[in-house]
Amino acid sequence: MVDKVIRINNLRKYFKVLKRREGFWGTVKDLFSSDYFYVKAVDGISMEISEGEIVGFLGPNGAGKSTTIKIMTGVLEPDSGEIYINGVIPYKDRIRNAKNIGVVFGQRTQLWWSLPLIESFKILKEIYEIDEKTFKENLELFEEIIGIETLYKKPIRQMSLGQRVLCDILASFLHNPKVVFLDEPTIGLDILIKDKVRKLIKELNKMKKTTILLATHDMNDVEALCPRIIVIDKGKIIYDGLLEDLKERFKAYRKAKIRVGDDVDELKLVNLRSLLLGNFNDVISDCEIKASFLNISFKKQEINLLEILKFINNFVPVEDIHTEDIQTEEVIKLIYEESRK
Amino acid sequence: MKKYIYIAKGFLLERMVYRFSLFFNALEKYLYVLLIFFLWKAIYRSLGQESLSMDFKSTFTYLSLATAIFGLFQTWVDWDISQLMLSGDLSIILTKPLDFQVYMFFKRVSWVVLNLLTITLPILIILKFILKMPINLGINFIFFFLSVIISYLIYFNIDFIVGVTAFFTETIWGLSVTKDAVILFLSGGIVPIPLFPENLRRILEILPFKTIYHMPIEVLINRSFTIFDYLNSLIIQIFWLLVFLTLSRIYYKLTERFIRINGG
């Protein structure tokens, strides 16, 4: 019990939203309307996360990730359910909770916009009452991991988005929090910076044993950082477990890239596509046409690829094939789809 | 407490980066003082000295001081809060171990410091030493100083109440403009309170508005004030400060709970 840094049981949060009508008179009527409906942002979530874990927090847009994080940081109060972060109930004791957590919202910054980075760090040092020794140690550690000394004198507004995000992440670790919430830290970054961000998060987690909850849409983040993932949709958890296990579950799915003759006309391929989906509707989950390629996802345990190829060959000549295992991205897509059926 | 002082220092440094904004902000107030001068010159010329209970010099001094204090207090607390709310940046502050109201106070106090240096002090110096207006340099200055501090604290709490109303209503444009106009008018910022009709003056006497501009000005320029009068003004101001502080605390607790439940 003690080593569970995050403990949530049957958490619910519904938002009351006014039904908006269309047009001018609709808007006028809205002024006097009390016609509300409820949005189930978080609908009975339970989870436990231990010290030092990095957990990927996934879900489509509007699934309730940000609401959950806001409840964990004490900004929002749940309608019902239990929540303990480091043993503190965040909405009851926001300030005590705030001392033990770090937060990064990818699209916002907690740093002073016009001030050099080091000034922001010094202000944070006071806000979190960090002692001189810890502060120095952390700056040295940051230097060792990522080498940002050249940025210290640069105002935030002059930094590139990537530099700013790196600094924001460092800032959230400055006071040695037990838990850090990262809400889409790699959004809008180029591949090189994304790599740096991942390296930074990984090192900080390893060296400080900080528990990290990483909300993201980037599956490369998940693969690089998170052994365990929690997937939510429409406010409910649809998967909580190891990424590997999930992949194992969908291992049956394979992809085949089939090249047909260059001179096959598009219409014929479209017809073929609907025939394929009709004839093998249980085993082929997806089929897309790209130039002279057919990209097919199918369950390999239930059908032999050869059968599909034979079928296709009856209509158009098959020139080349290439098969691959399913990617994380598609696994997540499949699980989203599965839960919505 | 130390952390809030560092926050104020941070925002002070940040504000100083924008030199031109500081300059024009001050220039506007100097021009307004010039406007008061010519406007009231014309009023006195057409009405004649006898029909008014204050002479031109006192009226001009009174209103210039009101402008100097208004300039000092203009820190846009309410706007800032509604912007934080609308942009969602409020969440960032709420994830820090800070009291939001105290945080806002120290954030905005940095503006007061700069307003003091760029608006209030220059106007005071011009009034006293260049225009040689009737302002005493004695114990009244000490009480003036105290009085202005308390009156800012009252003003801040009103501003804060208006600001967090944005948590309910999302926009406070109308409310904010109304607040400034009402306070300015009922506190003597546009027409000196001694020039108000007798009945209205009696009503203003029991309302809190006079504590904001009228009282500090009176303390500074009323030559008939005794030590008893100074202390009396201070006690009245402190009374209203406590009232508004309590109100804003209670109101903030309500709005904070509202936002915790309804989201940003």
Side-chain angles (χ1 to χ4, degrees), chain A residues 13-17 39 41-42 66-67 69-79 90-105 107-116 119-130 155-157 168 171-172 175 177 180-181 183, chain B residues 1-22 80 83-104 106-107 109-111 114 167-171 174 252-264:
Chain A
K13 175 83 202 168
Y14 294 176
F15 288 114
K16 205 164 122 181
V17 181
V39 175
V42 176
S66 290
T67 306
I69 290 184
K70 279 186 182 165
I71 295 173
M72 291 185 192
T73 54
V75 176
L76 286 176
E77 182 174 337
D79 295 336
Y91 61 93
K92 284 207 175 135
D93 205 344
R94 179 178 67 78
I95 291 184
R96 196 149 80 94
N97 184 49
K99 285 178 185 162
N100 293 324
I101 63 170
V103 189
V104 175
F105 296 107
Q107 286 139 311
R108 310 178 190 288
T109 181
Q110 55 177 319
L111 304 167
W112 268 252
W113 198 240
S114 310
L115 296 186
E119 294 293 335
S120 285
F121 279 6
K122 282 183 190 162
I123 296 170
L124 287 169
K125 173 175 177 277
E126 297 304 323
I127 289 180
Y128 289 104
E129 292 159 7
I130 306 166
I156 308 304
R157 67 191 161 103
D168 252 306
S172 70
H175 56 290
V180 169
F181 301 95
D183 194 353
Chain B
M1 203 47 162
K2 203 174 145 208
K3 58 175 131 177
Y4 293 107
I5 290 167
Y6 268 81
I7 288 169
K9 194 181 131 204
F11 282 109
L12 181 75
L13 293 176
E14 193 162 60
R15 172 85 174 129
M16 289 201 293
V17 172
Y18 303 99
R19 287 174 291 180
F20 288 101
S21 142
L22 270 180
D80 194 4
Q83 279 312 306
L84 286 174
M85 165 77 200
L86 286 177
S87 69
D89 283 345
L90 182 68
S91 307
I92 294 183
I93 302 167
L94 292 182
T95 57
K96 302 239 171 300
L98 297 170
D99 180 292
F100 180 63
Q101 190 175 9
V102 183
Y103 167 84
M104 282 314 294
F106 280 91
K107 176 176 182 185
V109 137
S110 62
W111 285 53
L114 291 173
F167 292 4
F168 298 122
T169 60
E170 290 179 12
T171 165
Y252 172 58
K253 287 288 161 209
L254 285 174
T255 49
E256 195 198 28
R257 195 176 146 70
F258 179 85
I259 205 157
R260 257 201 339 256
I261 289 171
N262 292 282

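Note that these values count all heavy atoms, side chains included, but never hydrogens, waters or copies made by symmetry. By convention in this document, chain letters (A, B, ...) are assigned in the order of the sequence lines, proteins followed by strands, and residues within each chain are numbered from 1.
Residue A/Arg96 qualifies as open at atom CZ: its count of foreign heavy atoms under 6.0 Å is 12 or below. More than 12 heavy atoms of other residues, nucleotides or ligands shown are found within 6.0 angstrom of CZ on A/Arg157.
Between B/Lys3 and A/Tyr128, the side chains place no donor N or O within less than 3.5 Å of an acceptor N or O (distance only, hydrogens not considered).
A/Glu119 approaches B/Leu13 most closely through the heavy-atom pair OE1-CD1, 4.1 Å. Contact between B/Glu14 and A/Trp113 at its shortest, heavy atoms only, is OE2-N, 3.0 Å. In terms of heavy atoms, A/Ile123 sits closest to B/Gly10 at CD1-CA, 3.6 Å. Of all the heavy atoms in B/Pro97 and A/Ala98, the pair that sits closest is N-CB, 3.5 Å.
Only the backbone of A/Thr109 has a heavy atom closer than 4.5 Å to any heavy atom of chain B. Neither the backbone nor the side chain of A/Gln107 has a heavy atom closer than 4.5 Å to any heavy atom of chain B. Looking at A/Val103, only its side chain comes within 4.5 Å of chain B, counting heavy atoms on both sides. For chain A, the nearby part of B/Tyr18 is the side chain; its heavy atoms alone come within less than 4.5 Å. For chain A, no part of B/Ile5 is nearby; none of its heavy atoms comes within less than 4.5 Å.
With contacts defined as side-chain heavy-atom distances shorter than 4.5 Å, the pair B/Arg260/A/Arg94 does not qualify. Residues B/Thr95 and A/Met72 have side chains not in contact (no heavy-atom distance under 4.5 Å, counting atoms from C-beta outward). When side chains are defined from C-beta on, A/Phe105 counts as touching B/Ile92, because their heavy atoms get closer than 4.5 Å. Side-chain atoms of A/Ile127 and B/Leu98, non-hydrogen and from C-beta on, do get closer than 4.5 Å to each other.
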Worksheet item: Does the pair B/Lys96 and A/Leu124 meet the rule for a side-chain contact (heavy atoms from CB on, under 4.5 Å), with working shown?
Response: CA-CA 9 Å; B/Lys96 302 239 171 300; A/Leu124 287 169; 3.8 Å; yes
Worksheet item: Are A/Thr73 and B/Leu94 close enough, and set up right, to give a side-chain contact (heavy atoms from CB on, under 4.5 Å), and what steps lead you there?
Response: CA-CA 8 Å; A/Thr73 54; B/Leu94 292 182; over 6 Å; no
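In summary, A/Glu77 and B/Arg257 engage in a salt bridge, as defined by a charged side-chain N under 4.0 Å from a carboxylate O.
Every side-chain hydrogen bond (donor to acceptor under 3.5 Å, both in side chains) that B/Tyr252 has, sequence neighbours left out, goes to B/Glu256.
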